[in-house]
Novice: 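Right, I'll just put the structure down here and ask away after.
For the numbers below, each heavy atom of this structure counts, side chains included, while hydrogens, waters and symmetry mates do not. In what follows, every chain begins at residue 1, and chains take the letters A, B, ... in the order their sequences are listed.
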There are 2 protein chains.
Amino acid sequence: MSTIKDVAKYCGYSVATVSRVINDDPIVKAETREKVLLAIRALKYRPNLVAKNLRTQKSNSILVMIPTIANPYYAEVLRGIEQGVKETEMNPIIGTVEFDPKHMDHFLELLDSNQADGVIFISSSITSDRLTEVAKKHPAVMCNEYFDPMPVSYVSINNEDAAYEAACELANAGCKQIAYFSGVRDSSSSLDRSRGVKRAEEECESVAVSIIRGEDDLHSLKNKIRRILEENPEIDGLIMNSDVNGSVAIRALVEMDLVPGKDVRIISFDGTIISEITTPMLSCVKQPLFDLGYKAVWLLEKQMKEENAPIERLILSHEVTIRET
Amino acid sequence: MSTIKDVAKYCGYSVATVSRVINDDPIVKAETREKVLLAIRALKYRPNLVAKNLRTQKSNSILVMIPTIANPYYAEVLRGIEQGVKETEMNPIIGTVEFDPKHMDHFLELLDSNQADGVIFISSSITSDRLTEVAKKHPAVMCNEYFDPMPVSYVSINNEDAAYEAACELANAGCKQIAYFSGVRDSSSSLDRSRGVKRAEEECESVAVSIIRGEDDLHSLKNKIRRILEENPEIDGLIMNSDVNGSVAIRALVEMDLVPGKDVRIISFDGTIISEITTPMLSCVKQPLFDLGYKAVWLLEKQMKEENAPIERLILSHEVTIRET
DNA sequence: AATAAAGCTGTAATCGATTACATCGAGTGG
DNA sequence: CCACTCGATGTAATCGATTACAGCTTTATT
């Protein structure tokens, strides 16, 4: 590979001038620029970005901490991030944590070793303290979840309203007894949603809502749903905390000879492709997944541009989509 | 952030010695090593990997070209890659091409600009010529697909055998007329699978197989399946080229009041989580997705270690899993 | 015409590491 | 006692870019 020196030699200018051409410095004479560009093309020169990064002290990449990539939900958020990052000529470094804090630390090292300029935490299980510590040294943003008080900017939907609307939707469709499966963690989203369904219960007096906590694998969740439905045959509405879990609910119902969407209605969170490929198709709370990622980048860039940019809270709009359940 | 110089000053040794300690050079005296390590800890020093990469002329990252991340299939392969890469202290840079060759070029630039040391193409739509060109300058490996003749090492399953076995499985279950939906591209996998189903047709004389090409979105694929089944009511077996398309087949059948797994059997390729969350659960050809990724890294590393490492072909074993369709 | 200003380009220091080679003291052998 | 080896550390060049500052032309100003 040729270097900037080779180009300089080839066209008879100094490396400084070549560098200026590369970086579009308007100070170079048009004629000079042409000659340099010619040389660059002739030698098929590509700037060594590692050298550039060392000199300029930025890496041009941002770290994205994600629980797992094996979930269409995160994959879609990631697409938004990639789009955002691409528009500013940066590169994303994707750190899949796989629910292991050791992995998290491994990736966070990238920040300290100058390989990443900032970090986005998606639905992260990082602790508030650790995040605060990271945020002191590096620009950081959260996506989907937040802490109170907020150590960094974040973007998400209004989970409370979303859950409220989902419950109302079921109530309007005639459901009298709704079970909300919230997942186990006392994450901000899970708490907000619980608050939302409770609010619906208070406001529409015709409906009762119970909250079922606990995170299970596919199989045990299915059994749990069956058990709960058998013990409480009056339940006629389910709110599931993800599309995958919505699909599990469908299966549980089918196995009990109940018809999803008729005997028992289901609304799941997320609106990923999963909700479109089940039979029947899942009604769901559609999150703006792509935009969540895109905006997260946008927030992060603000933090990176200004040393003391204010911390922001960004709420995107969701949409309750009724399909076949 | 402190630098190697700060550490040197702090402990009274030269930067050379500090560097030797960092890189575990056995030549430094044990006592010296201790003092240096103490200084490193005291200053919370982290080596600047950008500087290291510049000096050593390697980036410690590999590029992974993937069609899209929004597909559990690729996500799982990626998990294998991440595992492999992690074991060698490298980092993956994920380039999602989204079926746009411009994106591909953008990412391939990383190789020329010293930001990546090698590249893995997953199910890539790169042309044979372009790949050959890239491979001339950089270590490269293909995953899932291949070219003939092979410009680089690759890893995949034996798609011909897999399709053959799937067809035989349907035949054994009593199917007389099988339709194989192959997808549109004349990719190596698609061609191999076509060969496989044809071989099954020849060998089991009781069964006839037709190959249906063409790549459609979810909705038009569903209509296509319906149309074909209406026009050919004798079809009693479907082989779909992916789990997502398998789920579409389920829906098409249900809409026609046919029972998947009884009136018409379905076997789909891949064995992603999708095949487990449909109702009924899809029978499928399970690919070793994680291992495909893991081994791809392994092959790439061989190429990176030796300038002229031989090109290899690695075939992993698949498994036909009969579930409910 | 002398001088100041403006426009371009070049020189060389710098980013933070690695590493070939030099150096220096202690130990060894004759 | 001298020469030599060996072990441990230091000196300084280097990777390939950016950029402050210097310096040289050319143009403008009085």
Novice: Between P on D:dA17 and CG on A:L43, what's the gap in Å once rounded to a whole number?
Specialist: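 Checked: the CG to P distance equals 12 Å.
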Novice: Once you round it to whole Å, what is the distance between P of C:dT18 and CG of A:L54?
Specialist: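 After rounding, the gap between these two atoms is 12 Å.
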Novice: Of the nucleotides D:dA17, C:dG10, C:dG16, which has the atom closest to the A:R55 side chain?
Specialist: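 Output: D:dA17.
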Novice: Identify whether any heavy atom of B:V50 sits under 4.0 Å from a base atom; if not, whether one sits that close to sugar-phosphate; answer base, sugar-phosphate or nothing.
Specialist: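 If one applies the 4.0 Å heavy-atom cut-off, B:V50 turns out to touch nothing in the nucleic acid.
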Novice: Rounded to the Å, how far apart are B:N114 CG and D:dA17 P?
Specialist: 8 Å
Novice: From the options D:dA17, C:dT11, C:dG16, select the nucleotide whose nearest atom is closest to the side chain of A:I4.
Specialist: D:dA17
Novice: State whether the number of non-hydrogen atoms from other residues, nucleotides or ligands found under 6.0 Å of A:K86 atom NZ is greater than 12.
Specialist: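 Yes, the 6.0 Å shell around NZ holds more than 12 heavy atoms from other groups.
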Novice: Using heavy atoms to find the nearest nucleotide of DNA chain D for B:A51 and B:Y13 separately, return the residue whose nucleotide is more 5′.
Specialist: B:Y13
Novice: For B:S14 and D:dG10, is the shortest distance between a side-chain N/O and OP1 or OP2 below 4.0 Å?
Specialist: yes
Novice: Looking at every strand, decide which applies to A:N53 at a 4.0 Å heavy-atom threshold: base, sugar-phosphate, or nothing.
Specialist: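 Since no nucleic acid heavy atom lies under 4.0 Å of A:N53, the category is nothing.
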Novice: Reading DNA chain D from 5' onward, which residue's closest nucleotide shows up sooner: B:T17 or A:V15?
Specialist: B:T17
Novice: Taking atom P of D:dT26 as reference, at what distance in whole Å does atom CD of A:E31 sit?
Specialist: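 Those two atoms, CD and P, are 13 Å apart.
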Novice: Between B:Q57 and D:dT14, does any side-chain N or O lie under 4.0 Å from OP1 or OP2?
Specialist: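 So the side chain of B:Q57 is outside the cut-off, no N or O lying under 4.0 Å from OP1 or OP2 of D:dT14.
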Novice: Quiz question: by atom type and distance under 3.5 Å, do the side chains of B:S156 and B:E145 form a donor-acceptor pair?
Specialist: no
Novice: Go through C:dT18, D:dT19, D:dC15 for me and flag the one nearest to the A:S19 side chain.
Specialist: D:dT19
Novice: Regarding B:R46, tell me which of base, sugar-phosphate or nothing describes its non-hydrogen contacts under 4.0 Å with the strands shown.
Specialist: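 Sugar-phosphate, backbone atoms only, no base.
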Novice: Rounding to an integer number of Å, can you tell me how far A:D112 CG sits from C:dG16 P?
Specialist: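 For the pair A:D112 CG and C:dG16 P, the rounded distance is 14 Å.
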Novice: Is there a side-chain contact between A:V141 and A:E312 in this structure, where contact means two heavy atoms from C-beta onward sitting under 4.5 Å apart?
Specialist: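 Not touching, per the 4.5 Å side-chain cut-off.
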Novice: Verify whether one side chain among B:N23 and B:K52 offers a donor that lies under 3.5 Å from an acceptor in the other.
Specialist: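 The criterion, which ignores hydrogens and geometry beyond distance, is satisfied for B:K52 and B:N23.
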Novice: Kindly indicate, with the supporting measurements, whether the criterion salt bridge (charged side-chain N to carboxylate O under 4.0 Å, His left out) is fulfilled by A:K136 and A:E133.
Specialist: CA-CA 5 Å; A:K136 234 180 274 171; A:E133 184 188 325; over 6 Å; no
Novice: Give one of base, sugar-phosphate or nothing for B:N23, where a contact means two heavy atoms less than 4.0 Å apart.
Specialist: sugar-phosphate
Novice: Using whole Å, report how far CG of A:L49 lies from C1' of D:dG16.
Specialist: 11 Å
Novice: Among D:dA8, C:dC8, C:dT19, find the nucleotide with the atom closest to the side chain of A:T32.
Specialist: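 Among D:dA8, C:dC8, C:dT19, the one nearest the side chain of A:T32 is C:dC8.
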Novice: Output the rounded distance in Å from CD1 (A:I27) to P (D:dA20).
Specialist: 11 Å
Novice: Between A:T272 and A:E76, is there a side-chain donor-acceptor contact under 3.5 Å, judged purely by atom types and distance?
Specialist: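 Absent: no donor and acceptor within the cut-off.
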Novice: Quick one: on DNA chain C, does B:R20 or B:Y45 contact a more 5' nucleotide (nearest heavy atom)?
Specialist: B:Y45
Novice: Should A:K52 be listed as having a side-chain N or O under 4.0 Å from OP1 or OP2 of D:dT18?
Specialist: yes
Novice: Using whole Å, what does the distance between atom C1' of nucleotide D:dT9 and atom CD of B:E34 come to?
Specialist: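 Those two atoms, CD and C1', are 17 Å apart.
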